[in-house]
Amino acid sequence: MLKVLGRTSSINVRKVLWACTELQLPTTREEDWGAGFRSPTAPEFLALNPNAQIPVLIDKDFVLWESNSIVRYLANAYGGERLYPQAARERARVDQWLDWQASELNPSWGYVFHSLVRKNPAYQDATALREGQQRWCAAMAILEQQLQRTGGFVSGEQFSLADIVIGLSVNRWFGTPFERPDLPAVNAYYARLAERESFFLFCGAQQP
Ligand SMILES: N[C@@H](CCC(=O)N[C@@H](CS)C(=O)NCC(=O)O)C(=O)O
């Protein structure tokens with residue numbers, strides 16, 4: 001059985017659990033790693049992930065970190081062609097959005113989330129908050145354009161790994177209290193995701 005290390009309040013952990021659910025893979029989870037639980041700076045955790053971050057996947061003797069690499073691995077190893085197509089161009093399109101989520105979208109909302117949701121005193125600078133909101137809105141405008149083009153899911157008509165990782169980022173968008181621009185295609189996309197059984201397990205009841 002696959003083992004996932006990390007608290008479920010982490011969207012990076014939820015990516016992995018959502019992918020396992022889509023692939024119908026049974027998992028066990030060690031809940032008590034990450035903020036508020038056991039620290040990932042513990043030597044036994046650092047031996048698994050030197051970045052001291054969750055999630056970590058353990059598949060027998062194989063240990064893997066980086067959530068987007070983990071979801072790719074799961075799809076590759078466990079018959080997930082439906083989520084991660086093999087044809088080069090289709091796969092590249094999914095990869096493009098997986099990488100964009102990790103390198104552009106996710107970093108764009110860090111300050112705003114820590115400020116407004118976590119209410120972390122270190123993230124209460126008004127200028128930095130405004131700039132963070134602008135960065136996040138700019139990234140979401142790119143997603144809006146793409147969803148207007150596909151009229152379906154992020155990389156095209158079919159639900160893919162990209163929708164797991166971006167769906168969770170969109171969940172943060174709707175769960176963060178600030179004046180968000182109206183993004184009709186993103187709203188419709190989120191409603192489309194909510195038609196999936198697995199959505200409520202990992203995104204809860206938050207709606208636009
Ligand atoms: N790029 C990493 C980022 C992982 C990450 O930022 N994990 C956060 C939780 S979302 C973490 O480990 N925080 C430290 C903690 O909870 O103690 C990935 O995608 O796996």
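Quantities reported herein were computed from a predicted structural model and do not represent experimental measurements. One-based numbering, in listed order, for ligands and for the atoms of each.
If you look at Tyr190 and Phe199, their ring centroids are closer than 6.0 Å. Here Trp33 and Phe37 keep their ring centres 6.0 angstrom or further from each other.
Protein heavy atom closest to atom 1 (N) of ligand 1, with residue, atom name and distance, is Glu66 OE1, 2.9 Å. For atom 19 (O) of ligand 1, the closest non-hydrogen atom on the protein side is Ser67 OG, 2.6 Å. Scanning all protein heavy atoms for the shortest distance to atom 3 (C) of ligand 1 gives Gln53 OE1, 3.5 Å.
Note on ring orientation: taking the six-membered ring where Trp is involved, the planes of Tyr73 and Phe62 are tilted (angle from 30° to 60°).
If you number the atoms of ligand 1 from 1 as listed, the ones under 4.0 Å from a heavy atom of Gly34 come out as 15 (C), 16 (O), 17 (O). The ligand atoms of ligand 1 that sit less than 4.0 angstrom from a heavy atom of Ser10 are 9 (C), 10 (S). Short contacts between ligand 1 and Asn12, defined as distances under 4.0 Å to a heavy atom of the residue, involve ligand atoms 3 (C), 4 (C), 5 (C), 6 (O), 7 (N), 10 (S), 19 (O). Short contacts between ligand 1 and Pro40, defined as distances under 4.0 Å to a heavy atom of the residue, involve ligand atoms 17 (O). Contact atoms of ligand 1 toward Pro55: 20 (O) (distance under 4.0 Å to a heavy atom of the residue).
Heavy atoms of Ile54 come nearer than 4.0 angstrom to ligand 1 in at least one pair.
For the atom pair CD1 of Ile54 and CZ of Arg29, the computed distance is 9.0 Å after rounding to the nearest 0.5 Å. For the atom pair CZ (Arg82) and CG (Leu161), the distance works out to 9.5 Å, reported to the nearest 0.5 Å.
The salt bridge (Lys or Arg N to Asp or Glu O under 4.0 Å) pairs that include a residue from residues 62-71 number zero, where partners must be two or more places apart or lie in different chains.
Between Arg72 and Asp99, at least one side-chain N (NZ, or NE/NH1/NH2) sits under 4.0 Å from a carboxylate O, which counts as a salt bridge. Comment: Arg196 does not engage Asp163 in a salt bridge, judged by the lack of any side-chain N to carboxylate O separation of less than 4.0 angstrom.
Checking only distances, Arg7 does come within under 3.5 Å of ligand 1, N or O to N or O. Polar contact check, Ala35 against ligand 1: a nitrogen or oxygen pair lies under 3.5 Å apart.
With a 4.0 Å heavy-atom cut-off, ligand 1 is reached by no atom of Ala102.
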